[in-house]
K.L.:
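Below you'll find the structure I mean.
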Amino acid sequence: MQVDVTKRMDINKLERRIFLSELNSEMKEKNITQKELGKFLGIRQSQLSLWLSGNTSMSIDKLIRITNAVKNWENRNNNVLKEPETIREDTIPSLGFLIKKHLEQSGMAQKILAVKVGTSQSRISEYVRGKVVPSLGVAARICRELKINPEDFVEASCRL
C-alpha cells in the first residue's frame, strides 16, 4: 500500500509541475514579471515566486486567480479580468457539471469517488453543487480518478 501512496504523490507533484511550467511559459511569452503579477493581484512577489516554482503549494482558489490574471493580462489596465475572447462562456461547463458528467460517464458514485480521493461524500456533493472549491490536492485526485484534463478542471473552476 505504501508504494501506491508514494506513486500517487509523485503523480500529483508531476501534474502540478507541468501545469506551473506551462503557466510560467505563458508569463514569459507575455513578458509578465512576477513583480508585476504580484502587484496586480496584491500578492508579495516572494510568495508568488514560491508558488510558481512549485516549492510551496497553493490553494486552488489562488491558482485560479493567478491563471486568470495571466490568461487575461491584456485586460489588467481595466482592473477587471475577463474571459478570453476566444472562449465563449457557454462553452465552458461549471466545475459541478464537469464532475457530475464524469461521474456519470465512469459509472462511479459520489461515495466511491470520496473514498478514492480521501474526502467525504457530502464534500463531493458540495463540489458538484458548486458550494465549495476543492483544494489543489483534492482537485488533482479528482482529475486522476475521473480522467478529467486538469486544464479543463481549472477552466471550470474559474466559472464559480
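Owing to the predicted nature of the structure, the values given are computational and were not obtained by experimental measurement. Numbers here are sequence positions counted from 1. Below, each value reflects all heavy atoms present in this structure, side chains not excepted, and no hydrogens, waters or symmetry copies.
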K.L.:
Could you pull out the closest heavy-atom pair between L52 and N24, with the gap in Å?
P.N.:
O-ND2, 2.9 Å
K.L.:
Go through the steps for K147 and Q105 under the test side-chain contact (heavy atoms from CB on, under 4.5 Å), then give the verdict.
P.N.:
CA-CA 10 Å; K147 297 176 179 50; Q105 287 176 348; over 6 Å; no
K.L.:
I'd like to know if the side chain of E36 and the backbone of T33 have a donor-acceptor N/O pair within less than 3.5 Å.
P.N.:
yes
K.L.:
For F19 versus L63, what's the shortest heavy-atom pair and its separation?
P.N.:
CE2-CD1, 3.5 Å
K.L.:
Taking all heavy atoms of L113 and all of I99, pick out the closest pair and write down the distance.
P.N.:
CD2-CG2, 4.5 Å
K.L.:
Say you draw a straight line from CG of L37 to CG of L48; how long is it, rounded to the nearest 0.5 Å?
P.N.:
5.0 Å
K.L.:
To check you understand the geometry: which heavy-atom pair defines the closest contact between L41 and A69, and what is its length?
P.N.:
CD2-CB, 3.8 Å
K.L.:
Side chain of K71, backbone of E26: donor and acceptor closer than 3.5 Å?
P.N.:
no
K.L.:
Can you name the nearest heavy-atom pair linking P134 to V138, along with the distance?
P.N.:
CB-CG1, 3.9 Å
K.L.:
Do I32 and F40 make a side-chain contact, defined as non-hydrogen atoms from C-beta onward lying under 4.5 Å apart?
P.N.:
no
K.L.:
What distance separates Q110 CD from K100 NZ, expressed to the nearest 0.5 Å?
P.N.:
9.0 Å
K.L.:
Take atom NZ in K39; do more than 12 heavy atoms of anything else shown fall under 6.0 Å from it?
P.N.:
no
K.L.:
Does CZ belonging to R44 count more than 12 external heavy atoms closer than 6.0 Å?
P.N.:
no
K.L.:
Rounded to the nearest 0.5 Å, how far does CG of N31 lie from CE of M27?
P.N.:
10.5 Å
K.L.:
Give a yes or no on whether a salt bridge exists between R141 and E145, defined as a side-chain N under 4.0 angstrom from a carboxylate O.
P.N.:
no
K.L.:
Measuring from atom CD1 of I18 to atom CG of L23, what distance do you get when rounded to the nearest 0.5 angstrom?
P.N.:
13.5 Å
K.L.:
To the nearest 0.5 Å, what is the distance between CD1 (I112) and CD1 (I124)?
P.N.:
11.5 Å
K.L.:
Side chains of M108 and K116, heavy atoms from C-beta outward: is any pair under 4.5 Å?
P.N.:
yes
K.L.:
Measure the spacing between CG of N149 and NE2 of H102 and express it to the nearest 0.5 Å.
P.N.:
8.5 Å
K.L.:
Without swapping roles, check the side chain of S49 against the backbone of Q45 for a donor-acceptor pair under 3.5 Å.
P.N.:
no
